[in-house]
Amino acid sequence: MAKTIPAIRGMNDILPDQAACWRFVEDSARAVLTGYGYGEIRLPVVEKTELFARTLGEVTDIVEKEMYTFLDRNGDSLTLRPEGTASCARAAIESGLLHNQVQRLWYQGPMFRHERPQQGRYRQFHQIGAETFGMAGPDIDAELILVTARLWRILGLNDDVVLHLNSLGTADARSVYRTQLVEYFSAHVEQLDEDSQRRLHTNPLRILDSKNPSLQVLIEGAPRFLDRLDSESREHFEQLKTLLDVAGVRYVVNPRLVRGLDYYGKTVFEWVTDRLGAQGTVCAGGRYDVLVEELGGKPTPAAGFAMGVERLVALLMERGVTPPAALPHAYLVVSGDEAERQGILLAESLRDRMPAIRLQVNCGGGSFKSQIKRADKSGAAYALLLGEDEAARREVGIKSLREDRPQQNVSQVELADYLAKILQV
Ligand code: ATP
Ligand code: MG
């Protein structure tokens with residue numbers, strides 16, 4: 001036998017039994033986003049490396065060590081997208097979507113990061129994201145949060161997630177704070193781990209985000225940015241909190257919440273669960289008012305979020321939420337040459353008459369008994385039996401697979417009406 005070829009580590013197949021959960025998340029997100037007036041945008045999976053290198057920040061985890069970058073046959077450096085925001089902004093600029101208009105956009109699809117695979121952390125993972133352009137106020141920040149809060153309610157995850165909120169201020173205020181932070185951590189440099197020492201002069205805010213338990217006391221004692229916020233950002237933050245209070249969205253202000261990417265400023269937020277172990281952030285977002293300009297567009301305020309579909313699906317599974325699986329309504333058992341010919345015609349005419357029917361036809365032969373076993377295994381509610389006798393009489397036997405009821409025989413011409421009644425499709 002030939003050697004099997006396994007999938008790439010950290011890149012998972014999503015099998016049909018999990019796909020129902022995935023669809024539940026995706027369909028619900030699409031419905032909510034559409035309801036709030038967000039238009040779908042579909043973006044390429046590969047972009048020029050420069051797009052991410054310029055926007056995400058040279059010393060972020062993603063750019064430093066996580067990007068799937070390669071030279072294509074023309075010698076151009078390309079990267080599998082690690083996130084969607086930069087691509088979305090690029091596309092909006094390139095297609096003139098930002099000229100004198102506001103935009104509410106959403107996307108979904110795979111993202112790629114070369115991380116150490118573990119529960120909740122994969123190398124190909126999937127995000128559903130929303131990005132808004134042209135709106136500077138806290139009202140759109142609140143709307144983005146309301147979109148996600150509504151989605152959690154629909155998914156039944158409302159009680160499992162907590163909203164963490166922070167402000168990263170303006171770039172000027174951040175750079176003053178940065179100096180204070182470097183001073184503070186430099187005084188305790190011997191306590192910092194290797195990662196944090198490296199970040200001390202490149203990206204000191206990220207130290208606040210460290211998950212290393214032995215750093216927590218030191219981080220707890222660090223100067224807090226929220227106490228040093230510029231007045232513009234402070235007002236923005238206060239207004240956002242008021243809007244969330246009015247809308248009845250609960251949150252915790254988390255002064256240590258920083259986002260991993262350089263383009264964020266002012267509002268940042270994360271939805272966090274304690275039910276998934278270390279990888280507890282299911283959705284993250286915030287404002288990125290500088291990004292469009294950095295990409296060569298006119299200065300345009302912007303805000304958005306991205307949620308991790310794998311983590312949401314894991315949460316649904318952990319919760320035991322089972323969305324209705326698309327089991328077959330009926331399984332057609334066919335035995336004998338004439339029955340097989342009648343069967344294919346009958347199945348096609350049922351599909352014509354009842355477009356919503358989920359009907360599986362037995363293929364590959366087998367005895368009546370083994371076909372009924374397959375019918376049962378398919379999860380179908382009914383087996384439709386078409387053997388030589390039924391074929392001769394132009395009938396079909398209808399056997400309930402889930403309830404103890406006597407078999408019914410129905411003529412083939414009346415079958416569609418009969419099924420429509422019992423299946424209500
Ligand atoms: P983390 O702190 O968990 O590394 P991040 O800050 O790198 O997250 P973002 O870039 O903000 O994550 O992505 C938004 C969301 O996408 C995350 O909150 C998470 O749900 C999901 N996500 C990010 N990276 C991965 C991954 N490697 N595998 C699965 N989901 C991921
Ligand atoms: Mg990360």
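One is the number of the first residue; the rest follow in order along the sequence. Every number for a ligand or one of its atoms is a count from 1 in the order of the listing.
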> Any idea which part of Gln127 is under 4.0 Å from ligand 1, heavy-atom wise: side chain, backbone, both or neither?
Replying inline: side chain
>> Which of the numbered atoms in ligand 1 are under 4.0 angstrom from any heavy atom belonging to Ala306?
In response: 14 (C), 15 (C)
> What atoms of ligand 1 come closer than 4.0 angstrom to any heavy atom of Val282?
Replying inline: 20 (O)
> Does ligand 1 have a heavy atom under 4.0 Å from the side chain of Glu310, from its backbone, from both, or from neither?
Replying inline: neither
> Does Arg259 approach ligand 1 within less than 4.0 angstrom via side chain, backbone, both or neither, non-hydrogen atoms only?
Replying inline: side chain
> When you check the side-chain N and O atoms of Gln118 and Gln279, is any donor under 3.5 Å from an acceptor?
Replying inline: yes
> Going by the angle between their ring planes, with limits at 30° and 60°, are Phe225 and Tyr177 parallel, tilted or perpendicular?
Replying inline: parallel
>> Ring centres under 6.0 Å, that's the criterion: do Trp22 and His126 meet it?
In response: yes
> Got a sec, which residues hit side chain to side chain contact (heavy atoms under 4.5 Å, CB included) with Glu235, two or more places apart in sequence or on another chain?
Replying inline: Gln239
> Of the choices Phe112, Tyr264, Phe125, which has the non-hydrogen atom that lies closest to atom 26 (C) of ligand 1?
Replying inline: Phe125
> Who pairs with Tyr68 by ring-ring contact (aromatic ring centres under 6.0 Å, His included), at least two apart in sequence or on another chain?
Replying inline: His114
> If you measure from atom 20 (O) of ligand 1 to every heavy atom of Thr281, Ile128, Val268, which option wins on shortest distance?
Replying inline: Thr281
>> Is it the case that atom NZ in Lys241 sees more than 12 heavy atoms from other parts of the structure closer than 6.0 Å?
In response: yes
> Can you tell which of Glu83, Arg113, Arg116 gets a heavy atom nearest to atom 10 (O) of ligand 1?
Replying inline: Arg113
> For ligand 1, is there an N or O atom under 3.5 Å from any N or O atom of Glu115?
Replying inline: yes
>> Using a 4.0 Å heavy-atom cut-off, which part of Ile62 comes near ligand 1: side chain, backbone, both, or neither?
In response: neither
> Can you find an N/O atom of Arg311 closer than 3.5 Å to an N/O atom of ligand 1?
Replying inline: yes
